[in-house]
Amino acid sequence: MDAPLAPEFPPGLEWLNTTEPLRMAQLRGRVCALAFVNAGSAWSTQRLNDLAHLHARHGERLNVVAVHVPKFDHERDARRAGRRLRRQKFDFPLAHDADWAAWQQFGIEAWPTVVLIDGEGRIRERVVGDGPVRPLDARVAELIGELVPRSRSARPIELRRGGHPGLPLRFPVGIAVSGSYLYLVDSNHHRVLECDQGGRVVRQFGSGGPGFIDGPMELAAFNRPHGIAIERDLLYVADSGNHAVRRVHLRTGDVDTVLGAGRPGTPEAGQVADPRAITLDQPRGLALAAGRLFVASAGDNRIWDYDLTRHALSLVAGSGKLDVADGTGEAAAFAEPVSVAAVQQMVYVCDAAGSAVRCVNARTRQVQTLVGQGVWTFGRVDGQRVDARLQQPQAIALDPGAPRLWIADSGNDCLRTLRLGGGELSSVELPRPLHGPSGLAVADDVVWIADTEAHAVLRLDARTGALQHVPIGE
């Protein structure tokens, strides 16, 4: 049976970075990897990174095109989707499918899905999920081997080169406070900053370019770091792009690797003899409690526990399935855990894709959902936990002075609080909306907010409600 021809792109697609709408004829003569993704999905992020690698590897013989399909209401905004996708600086066409027209036209059922189209425009295969890159690379290479040289008469694909001003911050995420110092992850500059609370940069950890290098702070390199956690003179960094947990020795500024081989994978529990032999999958959130480091791994939907004294790794909870399901240990399921907060044996988890806040007893491994109804239920509703709704939250922080949890409700561009012990979810009145907040820290009645999509840091006085911009490095 002959392979079917790929249908034309629907006219409703909004092309985010091309000078004109793309046509299928422009892809002929090369193999094309057409990826249907969601900008907020950890699995989609990994698959897009894989395709960027293959695009560089195969050069002119491979076209890559990505189509963003929204899940949440706020993702229907093409400008917002474009900002999220541009965090990765992909050098191939990006489209926004607000009404799921291309998704339906190509018969897609899940993201990420890569549709492989040969040089004659025929659909040859569909690769679903974020599996290993090698089989995908091998299949692309096979299709490239079938290419027949042809003259290219179709109009070439021209990308718009968006000029970004030299901002001092690019997509700040994780925040931590220690004494008079503020620590901040400047994710798209691949660095961690040590600042005073007025915003003056004291030290920079990481060279500012992507890489996976241990050593002195000016030579070390991170790759899209995310969450951080601090204890005394040690700063732990979820180095998400390197699938690793790194550590900054604040006395010297030296950086080393706690866990992570630099490639995605699900680790095996047990003693850790060689930290660089452990595979993690997009660690995003970190929390410290009683000599243990809790790691929220968005790529495999699990919560891990690393004993810093015994150098032993264990699974706290999570089956690996993307879901909001309570239970004990592996019987429970998370939906892209991106942030964690811990006190004694209790670990609180922010589930981005589940629009949920969960808690785990690290001793019994019992998981309970505090707010959230499932991966397709979201919104903005205050009130009792059973009725309350969030939309793709990105960060949580425990209040040291009150039994409440602060929540960066990124999809709703707002700040929420959850009263612990059976209390209500409430919205915090702010003088202006936030812009995709993805980092929080609370100390001395002050909430520090990474206003990620505004490339800014804000300071909220929890007593008065005053909100101030913190001029980091300005």
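For clarity, every value in this text was computed on a predicted model and none was experimentally measured.
- Listed by chain and number, the residues in a side-chain hydrogen bond (donor to acceptor under 3.5 Å, both in side chains) with Glu20 are Arg155 (sequence neighbours excluded).
- The environment of Arg79 atom CZ is sparse: at most 12 non-hydrogen atoms of other residues, nucleotides or ligands sit within 6.0 angstrom.
- Annotation: salt bridge (charged side-chain N to carboxylate O under 4.0 Å, His left out) contacts of Glu330 (sequence neighbours excluded): Arg365.
- A side-chain donor from one of Thr369 and Asp326 sits under 3.5 Å from a side-chain acceptor of the other.
- Counting heavy-atom neighbours within 6.0 Å of Arg432 CZ, excluding the residue itself, gives a total above 12.
- Residue pairs that meet the salt bridge (Lys or Arg N to Asp or Glu O under 4.0 Å) test with at least one member in residues 447-457, sequence neighbours left out, are Arg80-Glu453, Arg83-Glu453, Arg84-Glu453.
- For Arg61 (side chain) and Ala141 (main-chain N/O), no donor-acceptor pair under 3.5 Å exists by modelled atom type.
- Between Val367 and Ile303, every side-chain heavy-atom pair lies at or beyond the 4.5 Å cut-off.
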| task | Apply side chain to side chain contact (heavy atoms under 4.5 Å, CB included) to Leu54 and Val64, showing your working. | result | CA-CA 9 Å; Leu54 297 185; Val64 174; 5.8 Å; no

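- Rounded to the nearest 0.5 Å, atoms OG (Ser426) and CG (Leu415) are 11.0 Å apart.
- The shortest side-chain heavy-atom distance between Asn301 and Trp43 falls under the 4.5 Å cut-off.
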| message | Evaluate Thr257 against Asp214 for side chain to side chain donor-acceptor pair (under 3.5 Å), listing each step before the verdict. | response | CA-CA 7 Å; Thr257 298; Asp214 288 342; 3.0 Å; yes

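- Remark: Arg160 CZ to Thr19 OG1 distance equals 8.0 Å, nearest 0.5 Å.
- Thr452 meets the side-chain contact (heavy atoms from CB on, under 4.5 Å) test with Arg87, Phe171, Val173, Ser438, Ala450; sequence neighbours excluded.
- The two residues Val349 and Val360 have their closest heavy-atom pair at CG2-CG2, 4.1 Å.
- Annotation: salt bridge (charged side-chain N to carboxylate O under 4.0 Å, His left out) contacts of Glu60 (sequence neighbours excluded): Arg30.
- Formation of a donor-acceptor pair under 3.5 Å by the Ser44 side chain with backbone atoms of Asn38 is found in this model.
- Applying the salt bridge (charged side-chain N to carboxylate O under 4.0 Å, His left out) rule to Arg76 yields the partners Asp99; only residues at least two apart in sequence or on another chain are considered.
- Phe212 carries Arg276 over the face of its six-membered ring, with the cationic atom under 6.0 Å from the centre and within 45° of the normal.
- Here the closest non-hydrogen pair linking Met24 and Ile117 is CE-CD1, 4.2 Å.
- Listed for the Glu336 side chain is a donor-acceptor partner under 3.5 Å among the backbone atoms of Ala42.
- Minimum interatomic distance between Pro156 and Gln26 (heavy atoms only, all atoms of both residues): O-NE2, 3.4 Å.
- Residues Ala296 and Ser339 share a closest heavy-atom pair of CB-N, 4.3 Å.
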| request: Go through the steps for Asp186 and Ile472 under the test side chain to side chain contact (heavy atoms under 4.5 Å, CB included), then give the verdict. | output: CA-CA 10 Å; Asp186 186 9; Ile472 303 292; over 6 Å; no

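- Looking at residues two or more places apart in sequence or on another chain, you find a side-chain hydrogen bond (donor to acceptor under 3.5 Å, both in side chains) between Trp406 and Asp399.
- At distances below 3.5 Å, not a single donor-acceptor pair connects side-chain atoms of Asp118 with backbone N or O atoms of Leu147.
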| request: Go through the steps to decide whether Leu440 and Ile449 satisfy the test side chain to side chain contact (heavy atoms under 4.5 Å, CB included), and finish with yes or no. | output: CA-CA 5 Å; Leu440 292 175; Ile449 306 167; 3.9 Å; yes

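- Two residues are said to be in side-chain contact when any heavy atoms from C-beta on lie closer than 4.5 Å; Lys71 and Val375 meet this criterion.
- Within the model, atoms CG of Leu94 and CH2 of Trp15 stand 9.0 Å from one another, a figure rounded to the nearest 0.5 Å.
- At least one side-chain heavy atom of Thr266 sits under 4.5 Å from a side-chain heavy atom of Arg302.
- Here the closest non-hydrogen pair linking Pro393 and Ser355 is CD-CA, 3.5 Å.
- Here the side chains of Val255 and Val237 are not in contact, with every heavy-atom distance at 4.5 Å or above.
- One distance of note links CZ of Phe92 with CG of Leu51; it measures 6.0 Å at 0.5 Å rounding.
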| request: Test Arg224 against His190 for side chain to side chain contact (heavy atoms under 4.5 Å, CB included), laying out the working first. | output: CA-CA 5 Å; Arg224 298 191 313 280; His190 311 284; 3.8 Å; yes

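- Side-chain contact check for Leu27 versus Ile157: some heavy-atom pair is nearer than 4.5 Å.
- Between His189 and Gln204 the shortest side-chain heavy-atom distance does not fall below 4.5 Å.
- Scanning for side-chain hydrogen bond (donor to acceptor under 3.5 Å, both in side chains) contacts around Glu142 gives Arg139, with sequence neighbours left out.
- Residues satisfying the salt bridge (charged side-chain N to carboxylate O under 4.0 Å, His left out) criterion with Asp97, sequence neighbours excluded, are absent altogether.
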| said: Show, in sequence, the C-alpha distance, side-chain angles and deciding distance for Gln46 and His243, and conclude whether the side chain to side chain donor-acceptor pair (under 3.5 Å) test is met. | reply: CA-CA 10 Å; Gln46 183 56 45; His243 307 283; 3.1 Å; yes

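- None of Trp111, Phe106, Trp100 except one satisfies the ring-ring contact (aromatic ring centres under 6.0 Å, His included) rule with Phe36; the exception is Phe106.
- Looking only at side-chain heavy atoms (C-beta outward), Asp409 and Gln391 come within less than 4.5 Å of each other.
- In this structure a side-chain-to-backbone donor-acceptor pair under 3.5 Å is present from Gln105 to Glu8.
- Glu146 has a carboxylate O that lies under 4.0 Å from a charged side-chain N of Arg124, or vice versa, which qualifies the two as a salt bridge.
- For residues 32-58, the salt bridge (Lys or Arg N to Asp or Glu O under 4.0 Å) pairs, not counting sequence neighbours, are Arg47-Asp50, Arg57-Asp137.
- Not a single donor-acceptor pair under 3.5 Å links the side chain of Asn412 to the backbone N or O of Cys414.
- Applying the side-chain hydrogen bond (donor to acceptor under 3.5 Å, both in side chains) rule to Gln282 yields the partners Arg284; only residues at least two apart in sequence or on another chain are considered.
- Between the side chain of Asn223 and the main chain of Asp239, no donor-acceptor pair closer than 3.5 Å is present.
- Applying the salt bridge (Lys or Arg N to Asp or Glu O under 4.0 Å) test to pairs two or more places apart or on separate chains, those with a residue in residues 379-396 are Asp382-Arg416.
- When every heavy atom of His96 is checked against every heavy atom of Leu16, the shortest pair comes out as CB-CD2, 4.0 Å.
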